[in-house]
Amino acid sequence: MSVDPRAGLHDESPSGEVREETMIVNLGPQHPSTHGVLRLLLELDGETVVSCRPIIGYLHTGIEKNCEYRTWQQAVAFVTRADYLSPFFNELAYCLAVERLLGIEAPPRAQVLRVMFAEMNRVSSHLVWLATAGLELGAVSLMLYGFRERERILDIFEAATGLRMNHAYFRIGGVVMDLPEGAEDRIREFLAMMPGRIGEYEAILSRNPIWIGRNRGVGYLSAEDALALGVTGPTLRAAGVAKDVRRDEPYCGYDTYDFEVVTREEADCYARFEIRIEEMKQSLAIIGQCLDRLEPGAVMVQDPKVRWPGELEVGPDGIGNSPAYVKHIMEESMEALIHHFKMVTEGVQVPAGEVYQPVESPRGELGLYVVSNGDHHPYRVKIRDPSFVNCQAIPTMMAGGLVADAIAVISSFDPVMGGVDR
Amino acid sequence: MPVERIEGFQTGRSDADAEEQVRRGILLGTLDRAVSWARKQSMWPVSFGLACCAIEMMATGAGDYDLSRWGMELFRASPRQADLMIVAGRVSQKMAPVLRTVYDQMPEPKWVISMGVCASAGGMFTNYAIVQGVDTVVPVDVYVPGCPPKPEMLMYGILRLHEKVRTEGRVK
Amino acid sequence: MRAAELAERVRAAVAETAVVVDVVVARDEVTAIADRSDLLGALEKLRNDTELSFDFLSSVTATDWPGRSPRFWVAYELYSLSHRHRLRVKVGLPEEDPRVPSVTPAYPTANWHERETYDFFGIVFDGHPDLRRILLPDGWESHPLRKTEELGGVNTRYKGAFIPPVDRRTT
């Protein structure tokens, strides 16, 4: 005797007709698998997602408005917290934009350091993606492996900048401090260790039938849809479009580095996974090239009207102005003290104008639109965040899929809600 | 509220506490201590990671700074199964009602750690969008400053919370 | 193509319409100042011209210049995938009537960008499929990024010191 498994589940109206209703399920904003506070309203027909509506804004911080009340240098500390998994990219885009408004260029050593730290940040961001994607799809051990490697990178960041995250290391005119002693050796050790670890991740995942089953064919986003929706980054490159700001509109000398723009054709979650693993390898190659071309030199422009006035050094209680510099301004030179005071309180004066500076962050095209009216404060700072635009594509990627695939989709395009909501 | 200095295994009880102890009797006093010890041994946090501090919280739970030493690596998705809420990150005006709802859904006894300066006091974002301190929304037991706090700082905050639970618990 | 060349090409492409008022080159970037009357038509021309082919919209945002007329300036960042050059199109909106046609029919990506601009500035995009707040809570009453709005924030008292929020500090 067979019983219709759907018997009794339909809503029967008094006239006897059977109505099927879809169910609205709220996913988030507090949920372990939403990469931050993303809320999705899923309309489900059984297990199938009929439509999906993302609701964002749960992490809106008012960074853009806050920057207008701070000096140009202070705004770096605000902008860096937008997309908090790739802080160097936020700083890089902002500093490049302001440097274009000022009409200056950072010295060559600073540019190489910027590229090196940015690529290390790309690796650490992709490691967090790998860790959380693994955790959400069931490969829980990847969480520990991803964070284990990330700790090695964060150790280097901490040694060089003083902070593990949200560094404010890239400043207008260069970077704020040179590399400490032994940093280059540590980075080389890291470069020697990392390819083996990436090999481990591939050994665990790449031919794993469960991983393939959960990612192959899931979250399809064609190139036309992606471009129409403004999607950039690994999600766009998975559809075969080789758009990478480092290649198309080079900055910081990226046209002199030897690296590939990785693309795939399948446009599903598995393709995005493959791209990010490949991008980690490409980033390691770029970091190696940076180390080879590091020449001694200044790391900040010399122009006294632009450069950060301090001479930072690591002391017993952390990073601060070196005792020699403090002695100079307090005891030796009144002009230096006045200049230091003015530069720290008022800051740089940036000529009027506007600039849009894109960089390639781990999630796509990160653009900073900076407007100045000739004052000591930014007039308008707009962060064109890749995750904000990529989130628009969620309904397209999820429609017709299963609820379980919804998690795979979100983790595959790697949104960071700090960037989405700013 | 004055912060008590806690040395070694002293319970740090004040005179009022000692009187209360005598009144309740030895049996309940020992039960208090046993239950408090049990509560602190394996507090399960509800996953309430919001922003940058959430990443540091995840790093604290991962291999290098292992939270599982205190039985806390298991972040429960459902607040009904958790007894600790680590508010990790900046709480926006839109998120504040959600924060309160999740807190209300947690069963007693429950504790709150406010991790990072954004959760403790609004942080660097003194503006229209961020709640200037989650203690305006939920009662906080331990504030951990930092932007973001290093995992060691968060662990210190957790250990202070454990001490607080161990010394102040009362079986009702 | 270099900025000056691009500016010439843009001027030529939109010469028949009266929509684009001026094309400015500054800091190696080309900005086209446009009128809101036939914005979609102008953008179509810029997209269909084979030497320009601006087929990708990076961002839509606005800047508030109180005291100037027009007060609001909406900026569209266009990019060409095939030629790899950029163009900014700016439209000025008067204070008493901040409306501009929505470009979502031509560039679907503008959907959330325009919602954010409406949320922050109160600029209404005619023809937008779903114009409502996106980042701020639904019942929020002000448009915070206007210069006439305050930053917000609370006073802080700490160990006898009184610290007002950032926009009210005199030191």
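Chain letters run A, B, ... following the sequence lines, proteins first, then strands; residues in each count from 1.
For the options A:Leu163, A:Leu135, A:Leu59, heavy-atom pairs under 4.5 Å to chain B are most numerous at A:Leu59. Ranked by heavy-atom pairs shorter than 4.5 Å toward chain A, the options B:Gly49, B:Ala51, B:Gly63 are led by B:Ala51. The candidate with the highest count of non-hydrogen atom pairs below 4.5 Å against chain B, out of A:Arg70, A:Glu158, A:Arg81, A:Arg150, is A:Arg81. Between chain A and the options B:Asp66, B:Ile130, B:Asp64, the largest number of non-hydrogen pairs under 4.5 Å is found for B:Asp64.
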Intermediate values then yes/no, side-chain contact (heavy atoms from CB on, under 4.5 Å), A:Thr132 and B:Met58:
CA-CA 10 Å; A:Thr132 50; B:Met58 289 199 272; 4.2 Å; yes

Practice item. Before giving the answer on side-chain contact (heavy atoms from CB on, under 4.5 Å), spell out for A:Tyr69 and B:Asn127 the whole-Å C-alpha distance, their side-chain angles and the decisive distance to 0.1 Å. Key: CA-CA 10 Å; A:Tyr69 292 83; B:Asn127 58 22; over 6 Å; no

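Counting only heavy atoms from C-beta outward, the side chains of A:Met417 and B:Leu50 never approach each other to under 4.5 Å. Using a 4.5 Å heavy-atom threshold, the side chains of A:Gln30 and B:Val46 count as touching.
Scored by the side-chain hydrogen bond (donor to acceptor under 3.5 Å, both in side chains) test, A:Arg164 finds A:Glu151, B:Glu56, B:Tyr65 as partners (sequence neighbours excluded).
Aromatic ring centres of A:His60 and B:Tyr128 lie closer together than 6.0 Å.
Of the atoms belonging to A:Arg152, it is side-chain heavy atoms, and not backbone ones, that fall under 4.5 Å from chain B. Looking at A:Ala77, the atoms closer than 4.5 Å to chain B (heavy atoms on both sides) sit in the backbone and in the side chain alike. When heavy atoms are compared at a cutoff of 4.5 Å, B:Ala54 does not approach chain A at all. Residue A:Ile55 touches chain B through its side chain alone, counting heavy-atom pairs closer than 4.5 Å.
Taking non-hydrogen atoms and a 4.5 Å limit, the residue list of residues 80-103 of chain B in contact with chain A, ordered by number, reads B:Arg90, B:Ser92, B:Lys94, B:Met95, B:Val98, B:Val102. Within residues 68-75 of chain B, no residue has any heavy atom closer than 4.5 Å to a heavy atom of chain A.
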Side-chain donor-acceptor contacts of residues 112-120 of chain B below 3.5 Å, not counting sequence neighbours, with atom names and distances?
unit_1, atom_1, unit_2, atom_2, d
B:Ser114, OG, B:Ser120, N, 3.1
B:Ser114, OG, B:Ser120, OG, 2.9
B:Ser120, OG, B:Gly116, O, 2.7

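The CD1 atom of B:Ile55 sits 5.5 Å away from atom OH of A:Tyr84, with the distance rounded to the nearest 0.5 Å. Once rounded to the nearest 0.5 Å, the distance linking CD of A:Gln74 with CE of B:Met124 reads 9.0 Å.
Surrounding OH of A:Tyr145 are at most 12 heavy atoms belonging to other residues, nucleotides or ligands under 6.0 Å away.
Here the side chain of A:Asn166 pairs no donor or acceptor atom with the backbone of B:Cys147 at under 3.5 angstrom.
In this structure, B:Ala62 and A:Phe147 approach most closely via the heavy-atom pair CB-CB, 3.5 Å.
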